[in-house]
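This report refers to the structure that appears directly beneath it.
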Amino acid sequence: MPTLTAAQARRVAVAAQGFHQPKPGLLTRGHLKRLISRIQVLQLDSVSVAVRAHYAPVFSRLGPYDREVLDRAAWAHSDRAPRLLVEYWAHEAALMAVDDWPLLRWRMAEYEHGRWGTEIVRKNARLAEDIVAAVAELGPSTAGQIEAHLEAEPRGRKGPWWDRSDTKWVAEALWSSGVLTTATRVGFARHYDLTERVLPPEVLARRVSDEEAVRELILRAAGALGVGTEPDLRDYFRLSPKQSKPAVAALVADGELEVVDVAGWNAPAYLRAGQKVPRRDRGTALLCPFDPLVFFRPRMERLFDGFHYRIEIYTPAHKRQFGYYVWPFLLDGELVGRVDLKRADGVLQVLGAFTEEGRDRRRVAEAMAVELRSMAGWLGLGDVTVGDRGDLAPHLRAVLLS
């Protein structure tokens, strides 16, 4: 069995996510299409304390870019510029390539009554029919607009016959089952539409067996990760062991995955056939908590010398170790620090900055300052300010003021 050192595995992983390439500082449809073919997903999240999660991985890999290019690719369509991305449960809620939508039909079947609140959906079959009819009539609509439309329709008695919260539950279930999809977002509010009015007919017509789809998803995960254990590959698209284990075995038997031993890992790892091992560490970027390089925390810790990370949004403020919304910092292919960021009052606020043990604070501060200035400019902010928390804070403040 071939072997990789821990450093080689890390280089493979960082390069697979596109961090080894120069940042062009712009985004065209071609750039975006290539990036999505490499990393597969842009996870969505409602937290916007610095910038919403789906924008951040693109910035981390390409540098400052026009976010409208991503918005148009995800939530607009024209004959000249067809929609490139669609929302679905492709890790958690995420943007993925429109052409890959058929690979998740098996999940839509599993979510026939939604992902959560299935008992609400099951007892509201009539409401589901009415929501579909309302969307067909209204066009792209929020749950609130759908609810208002249904309430305005005569029911034979005063008031709706469902609980007010049921409309959102059922609309979400219809989204999860593939009956509805996201036509657009306004202020991050999802506007539902009939899937057949959003996705191309050829995509809707494509049929992929469950086995073939899972196999392809594992292969995509292997390409995006560079190197990973079976649980790593499984997590990328949130598959079950029952799905992933046979698919991995079949891909190994067919020569599309290669089994390797990584020093310090307690399970076999897998490389896509022909995967090259970079000779040196490259890649410098701020990583949001939902970046595909780090969103599976066990793998993150294994790859990056025990770098332990948890998001502390739901931790009471006085119990937080590093901060509310902390970005790991990648410097020359290694995680060397972390920074708690907030956008407020026209500036990018560094609420706390920390180095990993044994790292050169001056070197980390100088590199981090470059990335922070770049982020501030990208977000249209006038300055970067640094608070007092963390061992790196005084060094970072000194660099930024110099």
Side-chain angles (χ1 to χ4, degrees), residues 17-19 21-29 31-32 35-36 39 41-76 85 94-95 184-189 283-295 311-313 322-331 337-354 364-387 389-390 392-393 396-397 399-402:
Q17 286 281 315
F19 289 104
Q21 297 176 332
K23 297 178 183 180
L26 57 87
L27 182 66
T28 65
R29 283 173 62 87
H31 284 119
L32 183 58
L35 179 60
I36 293 297
I39 68 173
V41 297
L42 295 172
Q43 187 170 339
L44 295 161
D45 190 79
S46 61
V47 176
S48 59
V49 64
V51 63
R52 294 201 188 275
H54 60 287
Y55 293 120
V58 184
F59 168 75
S60 298
R61 290 156 180 79
L62 301 183
Y65 71 95
D66 183 354
R67 280 173 285 168
E68 287 190 8
V69 176
L70 178 53
D71 289 343
R72 288 194 297 268
W75 297 301
L85 306 175
L95 292 168
T184 190
R185 282 184 180 264
V186 179
F188 206 63
T284 296
L286 293 161
L287 306 176
C288 88
F290 304 106
D291 191 287
L293 180 64
V294 298
F295 59 30
I311 194 163
E312 297 183 277
I313 288 174
F322 296 108
Y324 181 83
Y325 199 74
V326 174
W327 297 56
F329 182 52
L330 185 77
L331 175 57
R338 58 191 92 198
V339 59
D340 185 19
L341 296 179
K342 181 179 181 179
R343 186 181 71 244
D345 301 323
V347 300
L348 183 61
Q349 296 180 354
V350 176
L351 304 178
F354 310 82
V364 174
E366 289 175 349
M368 186 181 287
V370 172
E371 297 302 315
L372 290 169
R373 285 188 178 118
S374 178
M375 176 181 278
W378 172 56
L379 296 176
L381 303 174
D383 200 3
V384 181
T385 62
V386 182
R389 288 195 300 108
L392 186 62
L396 185 60
R397 188 184 306 109
V399 172
L400 287 165
L401 291 174
S402 63

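Since the model is a prediction, treat every value here as computed from it, not as a measurement.
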Residues that [X] engages under ring pair (Phe, Tyr, Trp, His ring centres under 6.0 Å), provided they are two or more places apart:
X      : answer
Phe19  : none
Phe354 : Phe322
Trp378 : Phe59, Tyr65

Nearest atoms (heavy-atom pairs only) where [X] meets [Y]:
X      : Y      : result
Ala50  : Trp327 : CB-CZ2, 4.0 Å
Arg389 : Asp340 : NH2-OD2, 2.9 Å
Ala393 : Gly387 : CB-O, 3.5 Å
Val294 : Cys288 : CG2-O, 3.9 Å
Leu62  : Leu27  : CD1-CD1, 3.4 Å
Leu293 : Gln17  : N-OE1, 3.7 Å

Fill in: Positive for side chain to side chain contact (heavy atoms under 4.5 Å, CB included) with Arg397, one of Val350, Val386, Leu392, Val384
Val386

Practice prompt. Compare all side-chain heavy atoms of Val41 with those of Phe295 and state whether any distance is below 4.5 angstrom.
Written response: yes

Worksheet item: Do Met375 and Leu341 have side chains that get closer than 4.5 Å, going by heavy atoms?
Response: yes

With rounding to the nearest 0.5 angstrom, report the [atom1] to [atom2] distance, [X] to [Y].
X      : Y      : atom1 : atom2 : value
Thr284 : Glu371 : OG1   : CD    : 6.5 Å
Leu330 : Arg338 : CG    : CZ    : 13.5 Å
Leu42  : Leu95  : CG    : CG    : 5.5 Å
Leu70  : Arg29  : CG    : CZ    : 11.5 Å
Ile313 : Tyr324 : CD1   : OH    : 4.5 Å
Leu400 : Glu366 : CG    : CD    : 11.0 Å

Worksheet item: Counting only heavy atoms not in Lys342, do more than 12 fall under 6.0 Å of its NZ?
Response: no

Worksheet entry | Partner residues of Arg185 under the side-chain contact (heavy atoms from CB on, under 4.5 Å) criterion, sequence neighbours left out | Leu44, Trp75, Glu87, Thr182, Phe188, Arg190

Discussion item. Using a 3.5 Å distance criterion without hydrogens, assess whether the side chain of Gln349 forms a donor-acceptor pair with backbone atoms of Thr385.
Written reply: no

Worksheet item: Taking only residues at least two apart or on different chains, which pairs with a member in residues 64-75 satisfy salt bridge (charged side-chain N to carboxylate O under 4.0 Å, His left out)?
Response: Glu68-Arg72

Worksheet item: Got a sec, which pairs hit salt bridge (charged side-chain N to carboxylate O under 4.0 Å, His left out) with one end in residues 43-63, sequence neighbours left out?
Response: Arg61-Asp291

